[in-house]
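Notes follow once the structure below has been shown.
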Amino acid sequence: MQQIFSFILKNSYRLLFLLLLVISLTLTIQSHSYHKSRVISSANFLTGGVYQQINNVNEYFGLRKENQELSAENARLKSILFNQKDTTLTPNVNVKGIDKAEIIVSKVIHNSYSTHENFLTLNSGSKDGVKSDMGVINSAGIIGIVDKTSKNYATVISILNVQSKINAKIKKSNHFGSLVWNGKNTGYAQLIDVPRLASVRKGDTIVTGGQSIIFPENIGIGVIDKIYTDNVTNYYTLDIKLFNDMTNLGYVYILKTKDRDEVMKLESETIKNE
């Protein structure tokens with residue numbers, strides 16, 4: 001202990017300089033958007049590379065499960081094909097509303113699910129056409145929304161994030177609400193602001209509402225598990241059992257809705273004119 005104090009006293013000026021340097025750099029980055037964006041981009045590049053190496057090892061040991069999932073999905077698509085009246089024709093498959101979006105196939109190389117603000121890292125980036133605010137799904141349902149990108153990687157705000165808010169609806173009645181997460185259970189999310197006049201039952205399917213340019217309509221989310229009534233606001237809060245196991249994700253689809261750029265441009269022009 002005495003040696004530690006002696007070292008600190010002997011090098012106090014150097015340590016003070018380093019402390020002030022760190023503080024000044026932190027303040028500079030936080031107060032200038034350009035510096036902040038450059039730091040985030042560099043961090044994405046470095047952490048993405050580390051996650052990629054770790055994922056390569058995990059991927060080797062998970063090949064059996066990946067093959068089973070791919071086989072199941074191939075079987076489902078073949079079933080659709082074989083049920084066409086003319087199997088020689090290319091099937092017009094409208095899989096959960098994805099006909100209105102272009103698809104970028106990617107893979108989850110890092111997945112956090114034990115905090116209140118969880119995110120994922122994908123091995124696709126700006127060079128692959130990935131941009132912020134693109135929706136991310138897999139064959140089971142929605143996963144999250146792209147947040148930041150670097151050249152080769154992208155981070156995604158998971159639906160298991162207390163900051164996430166996604167337009168969703170009850171499939172049978174088209175009553176809308178907002179899908180959020182209360183930070184408690186990784187298998188469940190909550191649909192809030194559902195009007196009391198809506199007919200809701202346990203087991204009803206919840207899908208994307210289509211009132212945004214991020215997700216096409218009718219992409220699966222989960223089923224109603226519990227129903228709560230807020231007597232103050234006169235709205236329902238629904239516990240939704242998610243279709244996805246958010247703790248075990250592999251290949252995903254990044255969605256670029258075809259009308260995204262046109263809608264964003266129109267809305268930005270409308271806001272400017274207000």
Side-chain angles (χ1 to χ4, degrees), residues 55 58-59 62-81 91 93-114 118-124 130 134-146 154-161 164-172 177-181 184-191 202-210 212 214-226 238-257:
N55 178 73
N58 293 334
E59 188 178 44
L63 286 177
R64 171 178 286 185
K65 186 175 184 302
E66 291 288 349
N67 287 334
Q68 289 174 343
E69 290 177 352
L70 290 172
S71 296
E73 188 164 359
N74 285 336
R76 179 175 62 84
L77 294 175
K78 285 181 180 295
S79 176
I80 294 172
L81 175 62
V93 182
N94 179 6
V95 182
K96 299 180 181 178
I98 302 178
D99 59 312
K100 294 184 179 180
E102 297 175 6
I103 295 175
I104 302 169
V105 180
S106 187
K107 191 173 192 307
V108 176
I109 59 173
H110 173 73
N111 178 16
S112 72
Y113 46 81
S114 58
N118 296 298
F119 71 95
L120 305 92
T121 303
L122 309 182
N123 65 352
S124 301
V130 182
M134 285 185 173
V136 181
I137 68 170
N138 65 5
S139 57
I142 68 171
I143 290 172
I145 299 172
V146 174
T155 53
V156 175
I157 296 176
S158 169
I159 57 173
L160 299 184
N161 187 310
S164 174
K165 194 171 186 179
I166 296 170
N167 176 253
K169 68 177 183 179
I170 303 168
K171 187 176 182 180
K172 73 173 185 179
S178 296
L179 186 76
V180 299
W181 186 55
K184 294 180 180 179
N185 192 322
T186 58
Y188 294 82
Q190 288 68 46
L191 189 65
K202 182 176 179 179
D204 286 348
T205 300
I206 305 300
V207 295
T208 54
S212 75
I214 296 177
F215 291 104
E217 191 173 8
N218 293 322
I219 295 179
I221 296 175
V223 295
I224 298 175
D225 185 65
K226 294 181 180 178
L238 310 176
D239 258 356
I240 309 302
K241 182 175 175 57
L242 299 172
F243 289 142
N244 261 315
D245 178 359
M246 294 297 294
T247 67
N248 186 17
L249 299 172
Y251 287 97
V252 298
Y253 307 120
I254 305 170
L255 304 180
K256 179 181 179 182
T257 52

Residues at least two apart in sequence or cross-chain that pass side-chain contact (heavy atoms from CB on, under 4.5 Å) with Ile224, listed by chain then number, are Val200, Asp204, Ile206, Ile227, Leu238, Ile240

Is any side-chain heavy atom of Val223 closer than 4.5 Å to a side-chain heavy atom of Phe243? yes

If I take atom CD1 from residue Ile104 and atom CD1 from residue Ile254, how far apart are they, to the nearest 0.5 angstrom? 5.5 Å

Got more than 12 heavy atoms from elsewhere within 6.0 Å of NZ, Lys226? no

Go through the steps to decide whether Val156 and Val146 satisfy the test side chain to side chain contact (heavy atoms under 4.5 Å, CB included), and finish with yes or no. CA-CA 4 Å; Val156 175; Val146 174; 4.3 Å; yes

Decide side chain to side chain contact (heavy atoms under 4.5 Å, CB included) for Lys256 and Val130; before the verdict, give the C-alpha distance in whole Å, the side-chain angles of both, and the deciding distance to 0.1 Å. CA-CA 8 Å; Lys256 179 181 179 182; Val130 182; over 6 Å; no

Ser112 side-chain N/O to Phe119 backbone N/O, donor-acceptor pair under 3.5 Å: yes

Run the side chain to side chain contact (heavy atoms under 4.5 Å, CB included) check on Val136 and Tyr253 step by step: do they pass? CA-CA 6 Å; Val136 181; Tyr253 307 120; over 6 Å; no

Looking at every heavy atom in both Ser114 and Asn118, which two are closest together, and how far apart are they? N-OD1, 3.1 Å

Checking Ser106 now: which residues fulfil side chain to side chain donor-acceptor pair (under 3.5 Å) with it, not counting sequence neighbours? Asn123, Ser124

Backbone of Asn218 reached by a side-chain donor or acceptor of Thr208 within 3.5 Å: yes

First locate atom CG of Leu179, then atom CD1 of Ile159, and finally report the distance between them rounded to the nearest 0.5 Å. 6.0 Å

Among residues at least two apart in sequence or on other chains, which ones pass side chain to side chain donor-acceptor pair (under 3.5 Å) with Asn167? none

Please find the pair of heavy atoms, one from Asn161 and one from Trp181, that lie closest to each other, and give the distance. N-CE3, 3.4 Å

Output, in order, the C-alpha distance, side-chain angles, deciding distance and verdict of side chain to side chain contact (heavy atoms under 4.5 Å, CB included) for Val180 and Lys165. CA-CA 5 Å; Val180 299; Lys165 194 171 186 179; 4.0 Å; yes

What distance separates Lys169 NZ from Thr205 OG1, expressed to the nearest 0.5 Å? 11.5 Å

Could you tell me whether the side chain of Glu102 reaches within less than 4.5 Å of the side chain of Leu255, counting heavy atoms only? no

Looking only at heavy atoms, what is the nearest atom pair of Leu242 and Ala189, with distance? CD2-CB, 3.9 Å

Report the distance from atom CG of Leu120 to atom CG of Leu249, rounding to the nearest 0.5 Å. 6.0 Å

Distance, nearest 0.5 Å, that separates CD1 of Ile143 from CG of Asn244: 5.0 Å

Any side-chain heavy-atom pair from Val108 and Leu122 closer than 4.5 angstrom? yes

Here the gap from Asn185 atom CG to Asp239 atom CG, rounded to the nearest 0.5 Å, amounts to 8.5 Å

Where is the tightest heavy-atom contact between Met246 and Leu160, given as atom of each residue plus distance? CB-CD1, 3.4 Å

Restricting to non-hydrogen atoms, name the atom on Ile214 and the atom on Pro216 that form the minimum distance, rounded to 0.1 Å. O-CD, 4.1 Å

Whether Thr121 side chain and His110 backbone form a donor-acceptor pair below 3.5 Å: no

Provide the closest heavy-atom pair for Gly220 versus Val207 in the form atom of the first, atom of the second, distance. CA-CG1, 4.1 Å

